[in-house]
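The structure appears below as structure tokens.
Naming convention: chains lettered A, B, ... in sequence-line order (proteins, then strands); numbering from 1 in each chain.
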Amino acid sequence: MPGAVMAWYRENARDLPWRRPEFADRYGGWGVLVSEFMLQQTPVTRVIPHLEAWLARWPTPTSLAADAPADAVRQWANLGYPRRALWLHRAALEIRDRHGGVVPRDVDALLALTGIGDYTARAVAVFAYGERHPVVDTNTRRVIVRAIDGRSQPDPPSRRDLDAMESLLPAGDAESALFNAAMMELGATVCTARSPLCDACPIAHICAWRLAGRPDTGDTRRKQARYEGSDRQARGAVLKTLRAATSRSVPIEAVLPDWPDPLQRDRAIDSLVADGLAEASGGFLRLPA
DNA sequence: AAAGCGTGGTT
DNA sequence: TAACCAAGCTT
């Protein structure tokens with residue numbers, strides 16, 4: 001299977017900034033690290049412009065570390081999950097203080113950085129430094145569960161995913177990096193969650209799920225909670241006003257004065273402060289200095 | 001270990 | 001239109 005997927009990838013990979021040879025100098029350890037933070041749960045097409053702007057402003061971890069977390073949260077804009085901006089800033093501090101300003105290539109050192117888990121650590125080690133590790137994201141998990149297990153949707157991430165991918169990995173470093181990227185790409189563009197394009201799939205002939213008639217095998221994934229009216233929506237609205245504020249501090253009574261549920265607004269402010277995404281003092285609220 | 005965490009595009 | 005979906009991580 002790896003051979004067919006890699007051959008398909010060579011012909012069909014999307015033209016993305018970090019894949020362009022002329023941008024290779026921008027996508028070393030730091031460029032890949034920033035891109036992977038942004039890509040955690042945010043679609044590629046929304047990430048690209050923000051990624052280029054971020055790297056233009058902060059071309060190194062040390063340059064980001066020299067600015068305030070508030071600057072990172074503002075620059076993050078509407079990418080969503082703003083604590084990623086906070087965590088990325090924290091990781092930059094850790095890289096400056098523990099690694100001399102150089103993004104580490106060792107998976108365990110990467111895992112020890114704030115905001116980096118099993119996926120991101122291996123993605124940096126493999127795509128930035130060419131090491132040989134299994135890189136498993138939701139796309140790869142979906143391809144594997146369909147092709148091998150014959151089911152329609154993957155289970156939540158687990159240690160087994162890494163083992164399954166490891167057993168498929170080609171022997172060479174460069175080949176294994178290509179295969180990791182190819183599996184993600186196949187899941188992202190062909191073996192999609194909702195309407196897979198099996199006619200365009202390079203491994204349709206050996207796919208257990210397709211050969212079984214694409215049964216709906218049930219979905220063990222968690223359902224996403226309703227957003228409209230949620231605390232998350234309230235947090236998002238509070239943070240949006242803090243980001244937009246021209247003066248850096250906002251009187252607390254001026255934050256969402258007309259929010260339908262004042263208790264929910266207060267809860268949102270408190271939780272943002274608890275998360276370090278906002279600071280309250282003297283009746284004012286602001287992004288973290 | 002299950003739940004919480006943004007935002008916007010697609011179906 | 002409401003639900004689904006998107007290169008996950010932390011507690």
Side-chain angles (χ1 to χ4, degrees), chain A residues 9 13-14 16-19 27 31-51 73 76-88 90-91 110-128 133-143 152-159 161-162 165 177 180-189 191-196 216 219-243 264 267-268 270-272 274-278:
Chain A
Y9 178 78
R14 289 167 295 175
L16 302 174
W18 47 90
R19 293 177 180 165
Y27 293 100
V32 171
L33 180 59
V34 174
S35 76
E36 297 300 347
F37 261 88
M38 290 186 173
L39 288 164
Q40 292 168 5
Q41 300 282 280
T42 301
V44 170
T45 52
R46 279 182 59 205
V47 161
I48 288 173
H50 290 279
L51 173 61
V73 173
W76 198 258
N78 63 342
L79 274 175
Y81 290 139
R83 44 181 168 209
R84 287 182 295 165
L86 208 54
W87 290 342
L88 179 51
R90 229 170 264 169
L110 287 161
L111 282 170
L113 298 174
T114 301
I116 294 194
D118 283 329
Y119 166 76
T120 304
R122 289 170 180 78
V124 170
V126 169
F127 299 135
H133 302 281
V135 181
V136 179
D137 75 336
T138 185
N139 293 304
T140 298
R141 297 208 327 277
R142 190 170 52 249
V143 172
S152 59
Q153 299 293 345
D155 298 322
S158 84
R159 186 73 217 186
D161 305 328
L162 292 177
M165 189 61 178
N180 277 312
M183 289 287 275
M184 291 168 58
E185 187 76 355
L186 186 62
T189 63
C191 192
T192 55
R194 255 196 284 187
S195 302
D216 183 354
D219 195 337
T220 60
R221 294 171 302 170
R222 275 195 328 254
K223 281 182 189 69
Q224 201 162 284
R226 180 183 183 81
Y227 184 65
E228 192 65 32
S230 68
D231 284 16
R232 293 164 76 171
Q233 184 184 38
R235 284 170 54 107
V238 170
L239 215 50
K240 183 175 183 178
T241 66
L242 293 187
R243 268 193 259 110
Q264 183 183 56
R267 205 157 57 233
D270 289 347
S271 72
L272 287 169
D275 288 349
L277 277 165

Touch class at under 4.0 angstrom, heavy-atom based, for A/Thr140 against every strand present: nothing
Sugar-phosphate, base or nothing in reach of A/Arg122, heavy atoms under 4.0 Å: nothing
Inter-nucleotide P distance (B/dA2, C/dA7), Å rounded: 23 Å
Nucleotide nearest A/Arg83 when distance is taken to its side chain, options B/dG4, B/dT7, C/dG8: B/dG4
Salt-bridge contact A/Asp231-A/Arg235 (side-chain N to carboxylate O under 4.0 Å): no
Nearest-angstrom distance from the residue atom OH of A/Tyr81 to C1' of B/dG8: 13 Å
A/Leu39 CG - B/dG6 C1' separation (whole Å): 15 Å
Closest heavy-atom pair and its distance - A/Gln40, A/Arg84: O-NH1, 2.7 Å
Rounded distance in Å - NZ (A/Lys223) to P (C/dC4): 7 Å
Donor-acceptor pair between A/Glu36 and A/Tyr119 side chains, under 3.5 angstrom: yes
Contact under 4.0 Å: A/Arg141 side-chain N or O vs C/dA6 OP1/OP2: no
Distance below 4.0 Å between A/Asn78 side-chain N/O and B/dG8 OP1 or OP2: yes
Nearest-nucleotide pick for A/Thr120, side chain only, options being C/dC5, C/dA7, C/dG8: C/dG8
Quiz item: A/Gln224 side-chain donor-acceptor pair to C/dA6 base, under 3.5 Å: yes
Given C/dG8, C/dC5, B/dC5, the nucleotide with the shortest approach to the side chain of A/Gln41: C/dG8
Sugar-phosphate only, base, or nothing, as touched by A/Leu79 at under 4.0 Å among non-hydrogen atoms: base
Nearest-Å distance for atom pair CG/P, residues A/Leu162 and C/dA7: 17 Å
Separation of A/Tyr81 OH from A/Arg232 CZ (nearest 0.5 Å): 4.5 Å
Distance test, side-chain N/O of A/Arg243 to OP1/OP2 of B/dT7, below 4.0 Å: yes
Sugar-phosphate, base or nothing in reach of A/Pro82, heavy atoms under 4.0 Å: sugar-phosphate
Distance below 4.0 Å between A/Tyr227 side-chain N/O and B/dT7 OP1 or OP2: yes
Below 4.0 Å: OP1/OP2 of B/dG6 and any side-chain N or O of A/Arg235: yes
Nearest-nucleotide pick for A/Arg84, side chain only, options being B/dG6, B/dT10, C/dA7: B/dG6
Any A/Arg46 side-chain N or O less than 4.0 Å from OP1/OP2 of B/dG6: no
Nearest-0.5 Å distance, CG of residue A/Asp219 to CD of residue A/Gln153: 5.0 Å
Sugar-phosphate only, base, or nothing, as touched by A/Trp18 at under 4.0 Å among non-hydrogen atoms: base
Pairwise 5' ranking along DNA chain B for A/Ser195 and A/Arg222, keeping only the more 5' one: A/Arg222
Nearest-0.5 Å distance that lies between atom CG in A/Asn139 and atom CG in A/Leu186: 9.0 Å
Heavy-atom pair of closest approach, residues A/Asn180 and A/Thr140: O-OG1, 4.5 Å
Interatomic distance, A/Glu185 CD vs C/dA6 C1' [rounded to whole Å]: 14 Å
Distance-only donor-acceptor test, A/Arg232 side-chain atoms vs B/dG6 base atoms, 3.5 Å: yes
Touch class at under 4.0 angstrom, heavy-atom based, for A/Ala123 against every strand present: nothing
Spacing of A/His50 atom NE2 relative to B/dT7 atom P, expressed in whole Å: 11 Å
A/Gln233 CD - B/dG8 C1' separation (whole Å): 13 Å
Phosphate contact (B/dG8 OP1 or OP2) by A/Thr42 side-chain N/O below 4.0 Å: no
Sugar-phosphate only, base, or nothing, as touched by A/Asp118 at under 4.0 Å among non-hydrogen atoms: sugar-phosphate
Atom-pair distance (CG on A/Asp137; P on C/dC5), nearest Å: 16 Å
Proximal nucleotide (of B/dT10, B/dG6, C/dA7) relative to the A/Arg194 side chain: B/dT10
